[in-house]
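Chain identifiers are assigned alphabetically (A, B, ...) following the order of the sequence lines, protein sequences preceding nucleic acid strands; residue numbering begins at 1 within each chain.
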Amino acid sequence: MITMVVTLLGLAAVNFLYKAAGPAVLGDRSFPPRLQPTVAALPAALLAGLVVVAVLGDGWRSFDWTVLPGLLLALALRANRRSHLTCIVAAIAATALLRLLV
Amino acid sequence: MGLRVGAGLAVGSFLLAVSFGALAVARGWPAALTVLMSGLVFSGSAQFALVTAFTGGGVGAALASASLMNLRFIPMAAATARHLHGGRLRRALEGQAVVDGSWAAAHRPDGSFNRATLLAASLVQWPAWVCGTAIGALAVPGAQVLHAVGLDLVFPAFFTVLLYDTLAAPGLRPVALAAAAVAGSACRFLSPGVALLMATTAVLLTLRPGQRRSCRAGDGDRPGVGMD
């Protein structure tokens, strides 16, 4: 419980500083050009890692093939410019239906 | 304008927040802390990352993952600085309104920002995000029900569509592939939180000269993704 509180407050503080730093200190300047590609790539690396970790789980014990068609459907819908919510709801519905059938 | 845009975004945020609340509680987070997290952090991607990485990874891995996820807010908030009001403290407080959907809605084609839209859109989304989390956290169904109705897919589906958005820059695709490979290999033997941190080493690919150019071409392409 204490570790959860520490983690939560830590993230809240970091998040506050992120959003405060630019307006208060940086003004309209951005990162040094040398660092920009690396900073820009961080979300992509993290999100790719999060997808894999969320699907496979600890020791690959959470893997369930029925999530894959759902995720592919979400990708296809997003490629067709559907909203995030539509993509997520469709993915959930597809996987739930698949689990009902198999 | 800002309230109208914010209301549309709030509907999506609310539904996602319900799922977040339910899943966070199902993963062992107390309902009160889950709601407090939404109130203080107000960032879907970081909160989902925190809960995912905390399982087996502990404080360090969870905090690092979520903090790296939100690193984009530094340049995004900095871009709005000229359009916020007041001295440093007030601008720092107004900068808290920077979330993906509001930022995108307030962004004008000439690169400037509509301060009123930014603030109003976030003011509408915040209560929707917190209330949705509370409802999900307090009315959480059992793990079997979550699995049966496919709600365990919320996290990976949310990350997948966000990943698709970030891959608008072609130079980021090798980074994402490498990160996925590293995370997949690592989480076979290590905790998910550690695997996630190892995945971030894929950004070293951007240090290659050719990669540097192609990544830069996509800077800031799609930060406004509706819900963050």
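- Residues A:V51 and B:P156 come closest through the heavy atom pair CG2-O, 4.3 Å.
- With rounding to the nearest 0.5 Å, the separation of CZ in B:F73 from CZ in A:F16 is 14.0 Å.
- Options B:G39, B:A157, B:G28 differ in how many heavy-atom pairs under 4.5 Å they form with chain A, and the most are formed by B:A157.
- Both the backbone and the side chain of A:V5 come within contact range of chain B, judged by heavy atoms closer than 4.5 Å.
- Both the backbone and the side chain of A:A79 come within less than 4.5 Å of a heavy atom of chain B.
- Here the closest heavy-atom approach between residue B:A199 and residue A:A45 is recorded as O-CB, 3.9 Å.
- Note on B:A181, B:A179, B:C187: by heavy-atom pairs under 4.5 Å with chain A, the leading option is B:C187.
- With respect to chain A, the highest number of heavy-atom pairs below 4.5 Å among B:L33, B:T200, B:L40 belongs to B:L33.
- Between A:V52 and B:A180, the closest heavy-atom pair is CG2-CB, 3.6 Å.
- In terms of non-hydrogen atom pairs under 4.5 Å with chain A, the most contact-rich of B:L84, B:L50, B:L93 is B:L50.
- Contact of B:V59 with chain A is made through backbone and side chain together, with heavy-atom distances under 4.5 Å.
- Using a 4.5 Å cut-off between heavy atoms, A:L9 contacts chain B through its side chain alone, with no backbone atom that close.
- Between the CE atom of A:M4 and the CH2 atom of B:W29 there is a distance of 5.5 Å, given to the nearest 0.5 Å.
- A:R82 CZ: 12 or fewer foreign heavy atoms inside a 6.0 Å radius.
- The most heavy-atom pairs under 4.5 Å with chain B, out of A:L75, A:V89, A:V55, come from A:L75.
- Residue A:V67 touches chain B through both its backbone and its side chain, counting heavy-atom pairs closer than 4.5 Å.
- Listed for the A:R78 side chain is no donor-acceptor partner under 3.5 Å among the backbone atoms of B:D165.
- When heavy atoms are compared at a cutoff of 4.5 Å, A:S83 does not approach chain B at all.
- When the candidates A:A13, A:A54, A:A44 are compared by the number of heavy-atom contacts under 4.5 Å with chain B, A:A44 comes out ahead.
- When A:G57, A:A74, A:A96 are compared by the number of non-hydrogen pairs under 4.5 Å with chain B, A:A96 comes out ahead.
- For the atom pair B:L162 CG and A:L47 CG, the distance stands at 5.5 Å (nearest 0.5 Å).
- Per-residue counts of heavy-atom pairs under 4.5 Å with chain B were compared for A:L50, A:T86, A:L100; the largest is that of A:L50.
- Closest approach of A:P23 and B:T80 over heavy atoms only: CG-OG1, 4.5 Å.
- With respect to chain A, the highest number of heavy-atom pairs below 4.5 Å among B:A202, B:G184, B:A176 belongs to B:G184.
- Chain A forms more heavy-atom pairs under 4.5 Å with one residue of B:A186, B:A97, B:A66, B:A178 than with any other, namely B:A66.
- By the 6.0 Å contact criterion, CD1 on A:I2 is open, its count of non-hydrogen atoms from other residues, nucleotides or ligands being 12 or less.
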Stepwise side chain to side chain contact (heavy atoms under 4.5 Å, CB included) test for A:L56 and B:R188
CA-CA 8 Å; A:L56 295 178; B:R188 180 72 178 89; over 6 Å; no
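- For B:N70 (side chain) and A:N15 (main-chain N/O), no donor-acceptor pair under 3.5 Å exists by modelled atom type.
- At a 4.5 Å heavy-atom cutoff, the contact between B:L68 and chain A is made by backbone and side-chain atoms alike.
- Here the shortest heavy-atom pairing between B:L63 and A:T7 reads CD1-O, 3.5 Å.
- Smallest separation of non-hydrogen atoms from A:V14 and B:S67: CG1-OG, 3.6 Å.
- Checking side-chain atoms of B:Y164 against main-chain N and O of A:A76 turns up no donor-acceptor pair under 3.5 Å.
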